[in-house]
Amino acid sequence: KDRSTIDVLLKDSAVRDAQGNILHSRSIWRDVTERKQAEEQLEKARDDYRAITNLTGDIIVRVDAEGRWTFLNDGACEFWGRPREGLIGIRFADYLHPDDQQETMAAVEEVMSGKSVVGLVNRQKTPQGWRIVQWNAAPIFENGRYMGFQATGRDITERKQAEEALGKSEEKYRSLVKNVKLGIFRSTPEPFGKFLEVNPAMEGITGYSRDELLRMSVSDLYVRPEEREAVLEEVATVVEKATRELNFRKKDGTEIVVSDTKVAVRDDTGKVLYFDGIIEDITERKQAEAERWELEQRAQLASRLSTVGEMASGIAHEINNPLTAVIGFAQLLVRKDIPEDIKEEAKIINDSAQRVASIVKRLLAFARQQKLERVYADINDIIESTLGMRAYAMATSNIQVVTHLDPNLPRTMAAASQMQQVFLNIIVNAETEMKLAHGRGKLLVRTETVDNIIRISFKDDGPGIAKENLGRIFDPFFTTRKVGEGTGLGLSICHAIVVEHNGQLHVKSKLGKGAIFIVELPIIAEEKQLGLPEPAPDDSIKIGRAKILVVDDEPATLELLSQILTAEGHEVQTTEKATDALKRIKSERYSLILLDIKLPGMSGVELYQSIEKIA
Ligand SMILES: Nc1ncnc2c1ncn2[C@@H]1O[C@H](COP(=O)(O)OP(=O)(O)O)[C@@H](O)[C@H]1O
Ligand SMILES: [Mg+2]
């Protein structure tokens, strides 16, 4: 009536009489418009659903109760690399990695019991090889009957590989942090600080366990806790990363030097959250450096002293000859019958020249080359007798002397009088310095055996030695004393004597903290001295008048000796040349011949040997 069309379902039937004649027909018309529409909608929904499943790159499948594929989206077909027709009806298990069968089947059982499975991972055979897929699956039930399951899968092969790589590199770093010898830590920024994390090397370096470290304050490790604040301030304000050498104290109390490098880690507002740092125990390196430095210093000193020594001996010998003349003639003058005032002046010349002579003598002692006469000496005895010599002077200067002399100190071969001179110089220096600095003092003298070496130390509480002078005090003529009060030769002579004993003399001192002088002597077993000739008994006879030949290349010396000996009543001949002397000796007899050792052309010794042959 409203002109719209409808779908009808027509059912005709004949109505018959008993004989089977058709009486009339009956038609039943049913309006099926709605039912038809519903079916069309369902079909459309299926298409939509399929279209949607094809939008995703993931795998979407449906499997029947026998485990055969009944539905696969485009993503699934693409994944397994086959057209849909080739996959429908195939068992999904055919594509499963054999090693993953068991776990996957267990999951399927779960699904069959009505549960959903989330996150199952297995490997699938694809044209690109085995790929890793992560699955979510849910069962399909119809009227309480299990019909199979549907599942979505995602290829996570790349993600897995990335994760694995990351895991490996993380493991690498973790083992690096764990096994490295450097201490690695994270600490909070407040002045005392807490450790947030420490690696095992931190335990080795500090001696504390990880638990102890995490409980204690960072500043507890510092020998000077204030130092940490300064370090943090530097890192936080001036530079982002700072490396410093710090003094740490280990759990057992030993001090170590560490190199500490810190970086500040900040939040978005720039506030320091924590510090990440690395420390390295450089104690041994520092010690080795210090030792090397000391060795270098000693080597430098030794070579400098030997150069200066050669020069000194050269100068001393050069001065000696003219000095002999100055002293000799000055003394001759004094004895002569001359006006008193001139005599006084001659005396002054003599006294001053004597002073020069004593300096020359000490210079020669410093530059000594001759071998010393050694005895099997007890160093303690030498120390005691030396201290005895200064006992009175020290007492009047308020200097207290404390000795720690090792009663078991072995003896060693040493030139006792030279050693005494060494000790005396060191003691007098300490005495002088302490008295000058504060009119009193304390001197500690110690002897001990250290590694087959006798160590003698003299520790005073005087003014100490400035760093810039430490390397120079063994140099000849280095002195801080006033003119006339010190020659600066004392320690250089000490050094020469000790080195000649194959020992070492060194000093440790800080300005204001006193000084300690250390003599180290090797322990040398007793060696029997070659019997030296006994000095001849004095059976000299006075000869009234002797004929004397004096040989010397120094005219002043010849003149001096000639004057003195002539005044004594002798007949004196002089010559400057060895050859001339030899000629004379061949033709004349002399009671006495005086030879200079050093002569040009032929030495005094050679001349002596030639004379012996004639005689
Ligand atoms: N115990 C000491 N304390 C401080 N300084 C010292 C000590 N011993 C030596 N010195 C320094 O070493 C210098 C050299 O000493 P030395 O060679 O004995 O010469 P001198 O005693 O004639 O000055 C001294 O002038 C002094 O500066
Ligand atoms: Mg001195």
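We're numbering straight along the sequence, starting at 1. Every heavy atom of this structure was used, including side-chain atoms; hydrogens, water molecules and symmetry mates were not. When a ligand or atom number is given, it counts from 1 through the structure's own listing order.
Of all protein heavy atoms, the one closest to atom 18 (O) of ligand 1 is Asn429 ND2, 2.8 Å. In this structure, atom 23 (O) of ligand 1 lies nearest to the protein heavy atom Thr479 OG1, 2.6 Å. Ranking the protein heavy atoms by distance from atom 14 (C) of ligand 1 puts Phe478 O, 3.3 Å first. Summary of contacts: the protein heavy atom closest to atom 27 (O) of ligand 1 is Thr480 OG1, 2.5 Å. For atom 19 (O) of ligand 1, the closest heavy atom belonging to the protein is Gly488 CA, 3.1 Å. Distance from atom 3 (N) of ligand 1 to its nearest protein heavy atom, with residue and atom name: Glu433 CG, 3.4 Å. For atom 16 (P) of ligand 1, the nearest non-hydrogen atom of the protein is Leu491 N, 3.7 Å. Counting protein heavy atoms only, atom 20 (P) of ligand 1 is closest to Arg481 NH1, 3.4 Å.
Met419 pairs in a side chain to side chain contact (heavy atoms under 4.5 Å, CB included) with only one of the listed residues (Ile456, Thr386, Ile497, Thr412), which is Ile497. Among Tyr208, Phe195, Phe275, the single residue meeting the ring pair (Phe, Tyr, Trp, His ring centres under 6.0 Å) criterion with Phe185 is Phe195.
When side chains are defined from C-beta on, Asn408 does not count as touching Thr449, because their heavy atoms never get closer than 4.5 Å. Residues Glu245 and Lys286 have side chains in contact (heavy-atom distance under 4.5 Å, counting atoms from C-beta outward).
The Mg ion (ligand 2) has no N, O or S atom of Thr479 under 2.8 Å away, backbone or side chain.
Near Gly486, meaning under 4.0 Å from one of its heavy atoms, ligand 1 places the atoms 22 (O). Atoms of ligand 1 found under 4.0 Å from any heavy atom of Gly464 (numbered from 1 in listed order, with element): 4 (C). Of all atoms in ligand 1, numbered sequentially from 1 with element shown, those under 4.0 Å from a heavy atom of Ala430 are 1 (N).
For ligand 1, none of its N or O atoms has an N or O atom of Ser492 under 3.5 Å away. Where the criterion is an N or O separation shorter than 3.5 Å, residue side chain and backbone included, Phe517 fails it with respect to ligand 1.
Using cut-offs of 30° and 60° for the angle between ring planes, the Phe458 and Phe423 rings count as tilted.
Taking only non-hydrogen atoms, the option from Leu443, Ile465, Ile473 nearest to atom 12 (O) of ligand 1 is Ile473.
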Between Glu431 and Ser397, does the side chain to side chain donor-acceptor pair (under 3.5 Å) criterion hold? Intermediate values first, please. CA-CA 8 Å; Glu431 195 184 306; Ser397 306; 5.0 Å; no

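In summary, the side chains of Glu296 and Gln300 do not present any donor paired with an acceptor at a separation below 3.5 Å, with no hydrogens or angles considered.
In terms of heavy atoms, Pro410 sits closest to Ile523 at CG-CD1, 3.4 Å. Minimum interatomic distance between Val445 and Leu405 (heavy atoms only, all atoms of both residues): O-CD2, 4.2 Å.
Using a cut-off of 4.0 Å between Lys/Arg side-chain N and Asp/Glu carboxylate O, Lys262 and Asp260 are scored as salt-bridged.
The residue Val428 has no part lying near ligand 1, judged by heavy-atom distances below 4.0 Å.
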